[in-house]
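Remember, predicted model here, so these are calculated numbers, not experimental data. Position 1 is the first residue of the sequence; numbering continues from there.
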Amino acid sequence: VQLQASGGGLVQAGGSLRLSCAASGRTFSWYAMGWFRQAPGKEREFVAAISSTGGGTYYADSVKGRFTISRDNAKNTTYLQMNSLKPEDTAVYYCAADFTYARSRPSEYRYWGQGTQVTVSS
């Protein structure tokens with residue numbers, strides 16, 4: 001499966017952004033999806049995951065209550081709604097896919113998108 005992330009940009013602290021990840025090439029509904037982020041000089045970290053049907057979601061503690069992951073299998077797209085953004089949310093955000101839900105390590109995801117930059121100004 002090929003993944004294309006989009007929707008990043010520059011936003012002030014307290015603002016919102018919605019990231020999208022469009023999938024192509026294979027049956028999207030086979031895959032659990034995840035979002036990760038990587039800030040300069042830091043390791044890639046888990047943000048959120050969603051099961052193949054959308055019935056299960058899982059979040060990092062740092063974004064719980066502010067971010068919402070969702071998917072539309074009819075549109076082959078996963079979303080990450082980010083509210084109450086903080087400067088520490090600044091990073092390149094990546095979407096990823098694999099067959100198993102609720103994985104939080106980058107090494108556990110087989111397929112990756114190219115990343116989209118999110119910058120939150122204070």
Side-chain angles (χ1 to χ4, degrees):
V1 64
Q2 291 79 47
L3 304 174
Q4 179 81 27
S6 62
L10 173 63
V11 63
Q12 289 188 332
S16 299
L17 280 175
R18 188 176 82 156
L19 306 183
S20 299
C21 177
S24 62
R26 285 198 168 183
T27 303
F28 179 64
S29 60
W30 290 352
Y31 298 93
M33 299 296 296
W35 285 96
F36 289 77
R37 65 188 182 187
Q38 189 166 17
K42 295 189 176 181
E43 293 187 352
R44 193 167 298 189
E45 66 172 359
F46 171 75
V47 174
I50 189 166
S51 64
S52 59
T53 63
T57 56
Y58 174 53
Y59 296 92
D61 288 343
S62 59
V63 306
K64 204 172 292 183
R66 300 188 298 122
F67 291 10
T68 302
I69 188 171
S70 62
R71 65 189 295 159
D72 185 338
N73 284 350
K75 295 183 178 180
N76 292 347
T77 303
T78 297
Y79 304 98
L80 185 68
Q81 178 67 44
M82 306 185 294
N83 298 329
S84 302
L85 282 161
K86 304 175 181 180
E88 51 263 44
D89 294 318
T90 295
V92 177
Y93 283 70
Y94 298 89
C95 58
D98 205 86
F99 295 109
T100 305
Y101 166 56
R103 302 290 186 172
S104 60
R105 299 175 187 172
S107 60
E108 295 171 320
Y109 285 80
R110 194 168 316 193
Y111 305 102
W112 289 85
Q114 87 290 0
T116 185
Q117 175 72 46
V118 172
T119 303
V120 184
S121 63
S122 57

* To do: Quick one: which residue pairs count as a disulfide bond (SG atoms under 2.5 Å apart) with a foot in residues 29-92, not counting sequence neighbours?
  => none

* R66: partners by salt bridge (Lys or Arg N to Asp or Glu O under 4.0 Å), with sequence neighbours left out -> D89

* Please round to the nearest 0.5 Å and tell me the distance separating atom CZ of F28 and atom OG1 of T78. => 3.0 Å

* **Residues that A39 engages under side chain to side chain contact (heavy atoms under 4.5 Å, CB included), provided they are two or more places apart** => K42, A91

* Can any side-chain N or O of Y94 pair as donor or acceptor with the backbone N or O of G34 at less than 3.5 Å? -> no

Please output the side-chain donor-acceptor pairs of residues 43-52 that fall under 3.5 Å, not counting sequence neighbours, one pair per line with the distance.
{"unit_1": "R44", "atom_1": "NE", "unit_2": "Q38", "atom_2": "OE1", "d": "3.3"}
{"unit_1": "R44", "atom_1": "NH2", "unit_2": "Q38", "atom_2": "OE1", "d": "3.3"}
{"unit_1": "E45", "atom_1": "OE2", "unit_2": "R37", "atom_2": "NE", "d": "2.6"}
{"unit_1": "E45", "atom_1": "OE2", "unit_2": "R37", "atom_2": "NH2", "d": "3.2"}
{"unit_1": "S51", "atom_1": "OG", "unit_2": "G54", "atom_2": "N", "d": "3.3"}
{"unit_1": "S51", "atom_1": "OG", "unit_2": "G55", "atom_2": "N", "d": "3.2"}
{"unit_1": "S51", "atom_1": "OG", "unit_2": "G56", "atom_2": "N", "d": "3.0"}

* Can you list every pair that meets disulfide bond (SG atoms under 2.5 Å apart) and has a residue in residues 65-122, with sequence neighbours left out? -> C21-C95

* Pairs meeting criterion salt bridge (charged side-chain N to carboxylate O under 4.0 Å, His left out) with involvement of residues 109-122, two or more places apart -> D98-R110

* Asked: Looking only at heavy atoms, which two atoms of W112 and Y109 are closest? And how far apart?
  -> NE1-O, 3.2 Å

* Can you sort out the partners of Y31 under ring pair (Phe, Tyr, Trp, His ring centres under 6.0 Å), two or more places apart, ordered by chain and number? => F99, Y111

* Over all atoms of both residues, closest heavy-atom pair of T77 and S20 -> CG2-CB, 4.2 Å

* To do: Find out if a path of hydrophobic residues (ILVMFWY) with successive side-chain heavy-atom gaps under 4.5 Å connects V1 to W35.
  => yes

* Asked: Who pairs with T119 by side-chain hydrogen bond (donor to acceptor under 3.5 Å, both in side chains), at least two apart in sequence or on another chain?
  -> Q117

* Asked: Do I69 and V118 sit in the same hydrophobic cluster, where Ile, Leu, Val, Met, Phe, Trp and Tyr count as joined when their side-chain heavy atoms come under 4.5 Å apart?
  -> yes

* To do: Could you pull out all residues at least two apart from K64 that satisfy side chain to side chain contact (heavy atoms under 4.5 Å, CB included)?
  => Y59, D61

* To do: Calculate, to the nearest 0.5 Å, the distance between atoms CZ and OG belonging to F67 and S84 respectively.
  => 9.0 Å

* According to a 4.5 Å side-chain heavy-atom criterion applied to Ile, Leu, Val, Met, Phe, Trp and Tyr, with indirect links allowed, do L85 and Y79 form part of one hydrophobic cluster? -> no

Identify each donor-acceptor pair in which a side-chain atom of residues 2-19 lies under 3.5 Å from a protein atom, sequence neighbours left out, and give them as a table.
{"unit_1": "S16", "atom_1": "OG", "unit_2": "N83", "atom_2": "OD1", "d": "2.9"}

* Structure fact -> So CG of L80 and CE of M33: to nearest 0.5 Å the spacing works out to 11.0 Å

* Structure fact -> For residues 73-88, the salt bridge (charged side-chain N to carboxylate O under 4.0 Å, His left out) pairs (sequence neighbours left out) are none

